[in-house]
Protein chains: 2
Amino acid sequence: MTDERRKFKREPAEARKEALILATLELVAENGVRGATVRGIAQRADVTQGLIRHYFSSKEELIIAAYEHHMNQMTDLTFAPGAAAGSARARLRAFVDGSLTPPVVDPRALALWASFLNKVQNDPQMKETHQRTYAYFRDRLEALIAAALEEAGHPAPAARLRQLAIACNAVIDGLWLEGGALPDAFAAGELVEIGRQSVAAITGLDLEQEAET
Amino acid sequence: MTDERRKFKREPAEARKEALILATLELVAENGVRGATVRGIAQRADVTQGLIRHYFSSKEELIIAAYEHHMNQMTDLTFAPGAAAGSARARLRAFVDGSLTPPVVDPRALALWASFLNKVQNDPQMKETHQRTYAYFRDRLEALIAAALEEAGHPAPAARLRQLAIACNAVIDGLWLEGGALPDAFAAGELVEIGRQSVAAITGLDLEQEAET
DNA sequence: GGAGAAATTATACACTTGCATAATTACGCG
DNA sequence: CGCGTAATTATGCAAGTGTATAATTTCTCC
């Protein structure tokens, strides 16, 4: 009974790593990558700074791990809702909804995106992650549009599909951006409504109505 | 003939200030706000660091001045092309074109926007500048859409106009973002073409054809 | 051309940063 | 229980940060 209180507790490696990554994302969202200091991250994770070096060989490595964690979470959140849907139109609609609803639309998610952008443009590994994620999004959207158009009896050539995907992706990105930048400027569901209408107008599809047979 | 070369040259205050602001914008675009160090800025402007303190009472003040300079330049570039156009439709088209053409669409402009975002959300003065600029953009776009719809004989109620402006603003912002993030992914004029088509599809206007009377 | 004032440089300081290394502590295993 | 290993803390360091202040240099005006 020398000292009832232990000075620290050992944690499984993966749990500690994730805790450090989550603390990193918090601070990056608040203060940017350079503002997320090793000491600040350690404090946010209730740990001393030396421990970070024990799990990540440098701050750079921790930042990259945090970025990939964040990107994976965003894609999961966007695509989870529509995975089970049946018709292509329903899946397209679910994609729009998922992209324009919290927690995808969120000031913190936007802040993270902006904070990482600089490093993404310079660091090759982060650039690769970014381009892969972006291509995944747009290819998936293009496939959804193609399927929905065929389903409706209005198939489109590849060149037009590309333009439609770029345009729909842009309107979703823009609404996502504005929803994150001005969270109080839009009523609940307003972004989804505008997003659906815009994608419908651009593609010529009707996303609102249920099955048409 | 003691020493033919002067050690420095005096410059008019406004010219020096602007040179410092331009150097600041360069470094902010490259390395973010925190990465734009006082010493780095001074070096980029071919000046010693003490001079910055002589023109700006703190780095914070220099950053704010640089941000406002950048925002003013962006609005000028966006609205200059359409100022003289006649019909509302032509002005709307000029707005889309100006927003989706270099130097508005540009990796550096995107990097600046992203780098400043964090500070914009926290600093009250920068937040005010941002909201004012954003409101100016969207109100102007909404007015253009309203005028073009009336011109075409299809006036719309205020609630619908708001949604159309949000949607068109979003598609323009999204294309601007993607053009800046992936400069090589789009052919010259492709963004303008997609932007025109999308705004046309959303509003129901025909932006391509010339006068219809 | 020389004095005065302002622009510019030079130097210094306290603080933060990322990283390294040594000293402790917890906890599974015999 | 106690021993060893790895997790965790503690301490230190060199480089970079913003800012303050003193020392120079340029240029205008008489």
Side-chain angles (χ1 to χ4, degrees), chain A residues 1-24 26-28 30-67 115 118-119 122-123 126, chain B residues 1-24 27-28 30-67 115 118-119 122-123:
Chain A
M1 240 178 272
T2 54
D3 195 351
E4 199 56 30
R5 282 190 184 143
R6 287 161 300 191
K7 291 194 172 168
F8 60 86
K9 193 181 163 207
R10 289 188 165 187
E11 297 282 355
E14 286 313 306
R16 267 273 126 94
K17 272 193 166 187
E18 186 173 351
L20 289 173
I21 285 175
L22 294 181
T24 302
E26 281 185 35
L27 285 185
V28 168
E30 292 172 16
N31 307 323
V33 173
R34 277 186 155 91
T37 67
V38 171
R39 284 168 179 79
I41 294 168
Q43 185 176 7
R44 189 66 67 100
D46 272 315
V47 138
T48 54
Q49 53 155 326
L51 193 59
I52 289 181
R53 259 290 273 176
H54 190 258
Y55 285 108
F56 301 91
S57 70
S58 69
K59 178 188 172 181
E60 184 84 3
E61 191 180 305
L62 172 57
I63 293 293
I64 290 175
Y67 178 64
S115 296
N118 265 309
K119 249 181 182 316
N122 297 335
D123 182 282
M126 291 182 74
Chain B
M1 238 178 274
T2 53
D3 194 351
E4 198 57 28
R5 284 191 183 141
R6 287 161 301 192
K7 292 197 172 167
F8 59 87
K9 192 181 162 209
R10 288 188 166 190
E11 296 283 355
E14 286 313 306
R16 267 274 126 93
K17 272 193 166 187
E18 186 173 352
L20 289 172
I21 285 175
L22 293 181
T24 302
L27 286 184
V28 168
E30 291 172 16
N31 307 322
V33 172
R34 281 183 210 241
T37 68
V38 171
R39 284 167 180 79
I41 294 168
Q43 185 176 6
R44 190 66 66 99
D46 272 314
V47 137
T48 53
Q49 54 155 327
L51 194 59
I52 290 180
R53 260 290 273 180
H54 189 258
Y55 286 108
F56 300 93
S57 69
S58 69
K59 178 187 172 181
E60 183 84 5
E61 193 180 303
L62 171 57
I63 294 293
I64 291 175
Y67 178 64
S115 296
N118 264 309
K119 245 178 184 323
N122 296 334
D123 181 282

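Keep in mind that the numbers below use all heavy atoms, side chains included, and drop hydrogens, waters and symmetry copies. This is a predicted model, so every value here is computed, not measured. Chain A is the first sequence line, chain B the second, and so forth, proteins listed ahead of strands; every chain is numbered from 1.
Taking both residues in full, the closest heavy atoms of B:I41 and B:I52 are given as CG2-CD1, 3.9 Å, listed atom of the first, atom of the second, then distance. Closest heavy-atom contact between B:R16 and B:K9: NH1-O, 3.4 Å. Counting all heavy atoms, side chain and backbone alike, B:A36 lies closest to B:L27 at CB-CB, 3.8 Å. Minimum interatomic distance between A:V28 and A:S115 (heavy atoms only, all atoms of both residues): O-OG, 3.2 Å. Across every non-hydrogen atom of A:K119 and A:E60, the tightest pair is NZ-OE1, 3.0 Å.
Sequence neighbours left out, the pairs with a member in residues 44-55 of chain A that pass side-chain hydrogen bond (donor to acceptor under 3.5 Å, both in side chains) are A:E26-A:R44, A:E30-A:R44.
For B:H54 and D:dT24, the NE2 to P distance is 18 Å, given to the nearest whole Å. Nucleotide D:dG12 holds its P atom 13 Å from the CD atom of A:Q49, rounded to whole Å. Remark: P of D:dT17 and CZ of B:R34 are 13 Å apart, rounded to the nearest angstrom. Regarding B:I52, its CD1 atom lies at a distance of 15 Å from the C1' atom of D:dA20, rounded to whole Å. Distance B:K59 NZ to D:dT17 C1': 8 Å, rounded to the nearest Å. Distance CZ (A:F56) to P (D:dT8): 12 Å, rounded to an integer number of Å.
In 5' to 3' order, the nucleotides of DNA chain C bounding all contacts with chain A (an atom under 4.0 Å from a heavy atom) are C:dT17 to C:dC27.
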Go through the steps to decide whether A:F56 and A:V38 satisfy the test side-chain contact (heavy atoms from CB on, under 4.5 Å), and finish with yes or no.
CA-CA 11 Å; A:F56 301 91; A:V38 171; over 6 Å; no

CA sep, side-chain torsions, deciding dist, call: B:N118, B:V33, side-chain contact (heavy atoms from CB on, under 4.5 Å):
CA-CA 9 Å; B:N118 264 309; B:V33 172; over 6 Å; no

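Nearest-nucleotide positions on DNA chain D place A:T48 closer to the 5' end than the other of A:T48 and A:R39. Between B:K9 and B:G35, the residue whose closest nucleotide on DNA chain D is further toward the 5' end is B:G35.
Residue B:Q43 places its CD atom among 12 or fewer non-hydrogen atoms of other residues, nucleotides or ligands, all under 6.0 Å distant.
Residue A:Y55 has a polar side-chain atom (N or O) positioned under 4.0 Å from OP1 or OP2 of D:dT8. For D:dC27, one of the phosphate oxygens OP1 or OP2 lies less than 4.0 angstrom from a side-chain nitrogen or oxygen of B:R6.
Of the residues in residues 10-20 of chain B, those with a non-hydrogen atom less than 4.0 angstrom from any atom of DNA chain C are B:R10, B:E11, B:R16.
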